[in-house]
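Predicted, not measured: the structure shown is a model, and the values here were computed from it. Excluded from the calculations below are hydrogen atoms, water molecules and symmetry mates; all remaining heavy atoms, backbone and side chain alike, are included.
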Amino acid sequence: KAGKHVYAEKPCAMSEKDLDRIIRTSRATGKVFHEMAGTAFEQPYLAMRDIVQSGKLGTVVQVLAQKSYPFFDTRPQDEDIDGGLMLQVGIHAMRFIEHAACAKIADIKVEQTKLGNPKKGDLRIAVSYLIRLENGGVASAIANYLNPRTFPTWGNESLRIFGTEGFVEAVDGGTKTRLVLKDKDLGPLKIKSKSLSYLDIFISSLLGKSKMPLSIEDELHPLRMLLRARK
């Protein structure tokens, strides 16, 4: 309403009602809104997205996603401040499923635990998701604050996408990849392009030089489903 375009950190909303208000306000004012939703546009996940969209894997039947971060004392114990584990960390796993595996989520069931919280507070430390996909497939995901600081990457991510024609995976923070099609093991992905900066794409779209790779509805759908699950 101030006449500015907006590029927001996650979570951009703490309820589905507020999420819808953001989308309506963007449309009403003509000002562009996007969240910092570039998870699937970093390598090797961008390459995995390209493989799925090429049809090489056939129909995506099952997805397995993980996102782990280290625990820090500065993380709010009150999850209503920043959305807690589900909205700060779990959102990446949901984006892996929807934006990298290109499989839209229909429903999520959640189990969470505070076990292992060094401060003995209310912040959940680990969450597991059981997910039904719109195409009839299934997915599983985990997120936690259990990544040791000795791990070579800040986040410990894994993504495995299983289709009717094979599977593609990235493990150990995306440092190891593999593509298997039918009875042929093609080994590590041959990644020739760099990660795409979602902020750069956003700015370029404002200048009329490119289009955003995701509609606002598709971009925010992983958050929408997490907000429903959290509620």
Side-chain angles (χ1 to χ4, degrees), residues 10 35 37-68 86-87 89-111 127-144 155-193 195-196 198 201 211-230:
K10 45 81 178 167
E35 197 177 53
T39 305
F41 298 92
E42 298 176 1
Q43 296 291 15
Y45 310 108
L46 178 59
M48 297 172 75
R49 172 183 166 88
D50 290 342
I51 288 170
V52 171
Q53 291 185 327
S54 74
K56 291 179 181 178
L57 296 184
T59 300
V60 172
V61 177
Q62 188 171 38
V63 183
L64 178 64
Q66 172 193 329
K67 184 71 175 184
S68 301
M86 284 183 64
L87 302 188
V89 186
I91 184 63
H92 292 291
M94 299 305 112
R95 290 174 185 163
F96 279 153
I97 294 168
E98 291 216 351
H99 299 164
C102 303
K104 201 164 187 178
I105 296 169
D107 189 43
I108 305 175
K109 295 180 180 179
V110 180
E111 289 291 342
V127 57
S128 295
Y129 304 94
L130 180 62
I131 297 164
R132 178 169 54 87
L133 303 175
E134 284 194 354
N135 73 347
V138 294
S140 301
I142 66 169
N144 58 58
N156 184 0
E157 302 93 15
S158 295
L159 176 61
R160 290 186 170 96
I161 306 170
F162 298 90
T164 52
E165 301 298 320
F167 75 88
V168 62
E169 66 177 12
V171 299
D172 289 351
T175 60
K176 299 176 183 177
T177 62
R178 182 168 297 275
L179 173 62
V180 178
L181 299 177
K182 293 186 177 178
D183 57 354
K184 184 179 293 185
D185 187 341
L186 299 176
L189 299 180
K190 296 176 176 61
I191 299 173
K192 299 179 180 179
S193 61
S195 298
L196 298 179
Y198 210 63
I201 300 172
K211 293 184 178 180
M212 294 298 292
L214 299 169
S215 68
I216 189 63
E217 291 83 3
D218 288 343
E219 178 185 290
L220 296 177
H221 193 260
L223 175 60
R224 181 181 298 280
M225 298 309 297
L226 277 187
L227 290 171
R228 291 180 185 178
R230 187 171 185 262

Quiz item: Given Arg160 and Val171, is the side chain to side chain contact (heavy atoms under 4.5 Å, CB included) satisfied, shown in steps?
Solution: CA-CA 8 Å; Arg160 290 186 170 96; Val171 299; 3.6 Å; yes
Practice problem: Could you please spell out the steps behind the side chain to side chain contact (heavy atoms under 4.5 Å, CB included) verdict for Val180 and Phe167? | Solution: CA-CA 5 Å; Val180 178; Phe167 75 88; 3.6 Å; yes
Self-check item: Worked check of side chain to side chain contact (heavy atoms under 4.5 Å, CB included) between Leu214 and Leu220
Solution: CA-CA 9 Å; Leu214 299 169; Leu220 296 177; over 6 Å; no
Exercise. Please lay out, stage by stage, how Gln66 and Asn156 fare under the test side chain to side chain contact (heavy atoms under 4.5 Å, CB included).
Key: CA-CA 8 Å; Gln66 172 193 329; Asn156 184 0; 3.7 Å; yes
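The two atoms that bring Pro213 and Ile201 nearest to each other are CD-CG2, 3.7 Å, heavy atoms only. Summarising the geometry of Tyr198 relative to Ala37, their closest heavy-atom pair is CD2-N, 3.6 Å, with the distance given to 0.1 Å. The two residues Thr177 and Ala170 have their closest heavy-atom pair at CG2-CB, 4.0 Å. Taking every heavy atom of both residues into account, Leu133 and Val61 meet most closely at CD1-O, 4.5 Å. Between Ala101 and Val60, the shortest heavy-atom contact is O-CG2, 3.8 Å. The two residues Val52 and Cys102 have their closest heavy-atom pair at CG1-CB, 4.0 Å.
Ile191 contributes atom CD1, which lies 9.5 Å from atom CE of Met48 (distance to the nearest 0.5 angstrom). Considering CD1 of Ile97 and CG of Leu64, their distance stands at 8.5 Å, rounded to 0.5 Å. If you take CE on Met225 and CZ on Arg132, they are separated by 8.0 Å, rounding to the nearest 0.5 Å. Between Lys176 atom NZ and Leu189 atom CG the span is 14.5 Å, to the nearest 0.5 Å. In this structure, CG on Leu226 lies 7.0 Å from CD1 on Ile105, to the nearest 0.5 angstrom. How far CG of Leu181 is from CD of Glu165: 8.5 Å, rounded to the nearest 0.5 Å.
The main-chain N or O of Glu219 is never found under 3.5 Å from a side-chain atom of Glu35 such that the two would form a donor-acceptor pair. Remark: side-chain polar atoms of Arg49 are paired, donor with acceptor, to backbone N or O of His99 under 3.5 angstrom. Looking only at distances, no side-chain donor or acceptor of Asn135 sits under 3.5 Å from a matching main-chain atom of Ala103. Between the side chain of Ser128 and the backbone N or O of Glu111 there is no donor-acceptor pair closer than 3.5 Å. A distance-only check finds a donor-acceptor pair linking the side chain of Ser195 to the backbone of Gln43 [under 3.5 Å].
Qualifying side chain to side chain contact (heavy atoms under 4.5 Å, CB included) partners for Asp183, counting only residues two or more places apart in sequence or in other chains: none.
More than 12 heavy-atom neighbours from other residues, nucleotides or ligands sit within 6.0 angstrom of NZ on Lys104. Applying the 6.0 Å contact sphere to CD of Gln53 captures more than 12 heavy atoms from other residues, nucleotides or ligands.
Using a 4.5 Å heavy-atom threshold, the side chains of Val168 and Lys56 count as separate. Looking only at side-chain heavy atoms (C-beta outward), Val89 and Asn144 stay at 4.5 Å or farther from each other. No side-chain heavy atom of Lys10 sits less than 4.5 Å from a side-chain heavy atom of Leu87. In this structure, the side chains of Ile131 and Val63 stay at 4.5 Å or more apart for every pair of heavy atoms.
Defined by atom type and a distance below 3.5 Å, a donor-acceptor pair is missing between the side-chain atoms of His92 and Glu157.
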